[in-house]
Amino acid sequence: MYKVVGLDGNEVINAESFCEALKFFHEHCIRPIAQGKTFRNSETTCYIEAKEETANARMYYPYVFEFAIKAGLIKNGKLVEPLREPPVTELIAAFSKAAILQMTQGMGCH
């Protein structure tokens, strides 16, 4: 299960799949930011959170966008239809990478 938080922090949904979460995220974060509509700290207020029984991990705007492009889910700024759910191993790797990068940036490590 995934939780998605949009630009203003008030737009929140729960999604059963990453693709469902990405559709909402694209509509409420990626597209508005591309159109120049940003809120203060928009890169740290928009995120997709993977919610599991044993752990939760957040992937914020820049990492979601980067992963979606690499996974072939976004091309030229638009969602690629039909969206295909990425393999679980790719999602785990992407959320893990995002968590590590976010943690090291917050600690000042490079």
Side-chain angles (χ1 to χ4, degrees):
M1 167 146 331
Y2 299 90
K3 174 182 170 184
V4 186
V5 176
L7 273 176
D8 65 5
N10 294 325
E11 298 170 309
V12 179
I13 67 151
N14 290 312
E16 292 295 321
S17 69
F18 183 80
C19 286
E20 182 183 346
L22 182 62
K23 283 181 184 180
F24 181 88
F25 193 84
H26 187 267
E27 182 178 331
H28 294 275
C29 296
I30 294 172
R31 193 172 345 145
I33 288 173
Q35 294 171 347
K37 298 175 186 175
T38 58
F39 290 76
R40 187 167 182 249
N41 302 321
S42 58
E43 289 190 353
T44 58
T45 57
C46 294
Y47 61 86
I48 296 176
E49 180 177 26
K51 299 176 72 171
E52 299 296 327
E53 289 182 25
T54 56
N56 294 346
R58 289 182 181 175
M59 191 182 322
Y60 288 89
Y61 169 78
Y63 305 112
V64 173
F65 191 59
E66 177 186 340
F67 172 71
I69 290 170
K70 287 181 180 178
L73 302 171
I74 292 178
K75 186 172 184 178
N76 298 323
K78 297 180 181 177
L79 293 174
V80 175
E81 295 292 342
L83 282 177
R84 294 202 168 105
E85 191 73 10
V88 172
T89 54
E90 286 183 24
L91 288 168
I92 291 170
F95 275 95
S96 298
K97 177 184 174 186
I100 290 168
L101 290 172
Q102 290 158 191
M103 182 177 67
T104 57
Q105 288 174 353
M107 295 172 64
C109 301
H110 299 286

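Below, each value reflects all heavy atoms present in this structure, side chains not excepted, and no hydrogens, waters or symmetry copies.
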If you round to the nearest 0.5 Å, how far is OH of Tyr63 from CD1 of Ile48?
14.5 Å

Inter-residue atom distance Phe95.CZ - Glu49.CD, 0.5 Å rounding:
8.5 Å

Quick check: is Ile30 connected to Ile69 through a chain of hydrophobic side chains (ILVMFWY, heavy atoms under 4.5 Å apart)?
yes

Residues two or more places apart in sequence or in another chain: which of them pass side chain to side chain contact (heavy atoms under 4.5 Å, CB included) with Glu20?
Ala15, Glu16, Ser17

Scanning both residues in full, the closest heavy-atom pair of Gly6 with Cys29 reads CA-SG, 3.6 Å

Test of understanding: with ring pair (Phe, Tyr, Trp, His ring centres under 6.0 Å), list the residues that count as partners of Phe24, not counting sequence neighbours.
His28

Enter the distance from Leu101:CG to Met59:CE here, rounded to the nearest 0.5 Å.
11.0 Å

Tell me which donor-acceptor pairs under 3.5 Å the side chains of residues 73-94 have, and how far apart each pair is, sequence neighbours excluded?
| residue | atom | partner | partner atom | Å |
| --- | --- | --- | --- | --- |
| Glu85 | OE1 | Phe18 | N | 3.3 |
| Glu85 | OE1 | Cys19 | N | 3.0 |
| Glu85 | OE2 | Phe18 | N | 2.7 |

Could you measure the distance from the CZ atom of Phe65 to the NZ atom of Lys70? Nearest 0.5 Å is fine.
12.5 Å

